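Residue numbers start from 1 in every chain, and the chains themselves are labelled A, B, ... in the order their sequence lines are given, proteins ahead of strands. Remember, it's a predicted structure, so these values are computed and weren't measured experimentally.
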Amino acid sequence: AQKITQTQPGMFVQEKEAVTLDCTYDTSDPSYGLFWYKQPSSGEMIFLIYQGSYDQQNATEGRYSLNFQKARKSANLVISASQLGDSAMYFCAMREGRGFGNEKLTFGTGTRLTIIP
Amino acid sequence: DTGVSQDPRHKITKRGQNVTFRCDPISEHNRLYWYRQTLGQGPEFLTYFQNEAQLEKSRLLSDRFSAERPKGSFSTLEIQRTEQGDPAMYLCASSPRTKVYEQYFGPGTRLTVT
């Protein structure tokens, strides 16, 4: 089974609208972390936001928020007031366990977001 | 703080040749990671170092691949006898002691095998 599933290969959103990018995950480890990265056409992966499995509140970073629904094993990224510069590939990733030897990230296949002026 | 840098940005080689990529992490980041990203996929973990110690290697890292971080600063990834399945973007990331869960990526090295 896929550990990270992103079901939206591509999305088109009007500028200034909010957008939700879906991510579901699969793990049996009670301790894990969920991440979102942005990859513009230049290729560099840009860290956006992190949510730990024990965090009580949803993570927020500026216009980014992570809608964490633990029972559903979903970690959707919400971008408010989208901008043209938000056009990029977005990857959801997970780190399982804690401590040494549990630091690798497992990525989904990504969602290509295009913001329309 | 100049970010993670990788060299070269693009490498074209003939099948069967050896190639070596370099990664310079963010200063004072003690953890360094290598990932491989093929077209249309997310990055896949290859290996990671804490200081100079290589603590984990993926099964993707065949015998033709070797990574080093001799002084706990920069790292090299070598691929021997390149094959048709090796073309990809090779990404390096580093993370600091205080926020080990955050990995900061470099621009990557794109490998083309002719």
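One N or O on the side chain of A:R63 and one on the backbone of A:A81 form a donor-acceptor pair closer than 3.5 Å.
Residues of residues 106-114 of chain B lying under 4.5 angstrom from chain A, judged on non-hydrogen atoms, are B:G106, B:P107 in numerical order.
The number of heavy-atom neighbours closer than 6.0 Å to CD of B:E28, taken from other residues, nucleotides and ligands shown, is 12 or below. Around CD of B:E68, the count of heavy atoms belonging to other residues, nucleotides or ligands within 6.0 Å does not exceed 12.
Contact annotation for B:Q37: only side-chain heavy atoms (C-beta onward) come within less than 4.5 Å of a heavy atom of chain A. A:T109 touches chain B through backbone and side chain together, each having a heavy atom under 4.5 Å away. With a 4.5 angstrom heavy-atom cutoff, B:L91 touches chain A only via side-chain atoms.
With respect to the salt-bridge test (charged N to carboxylate O, under 4.0 angstrom), the residues B:D86 and B:R15 do not qualify.
The closest side-chain donor-acceptor pair between A:Y37 and A:Q39, if any, does not fall under 3.5 angstrom. No side-chain donor from either of B:Y35 and B:Y90 sits under 3.5 Å from a side-chain acceptor of the other. Side-chain atoms of B:Q80 and B:R64 form no donor-acceptor pair, as typed in the model, at a separation below 3.5 Å.
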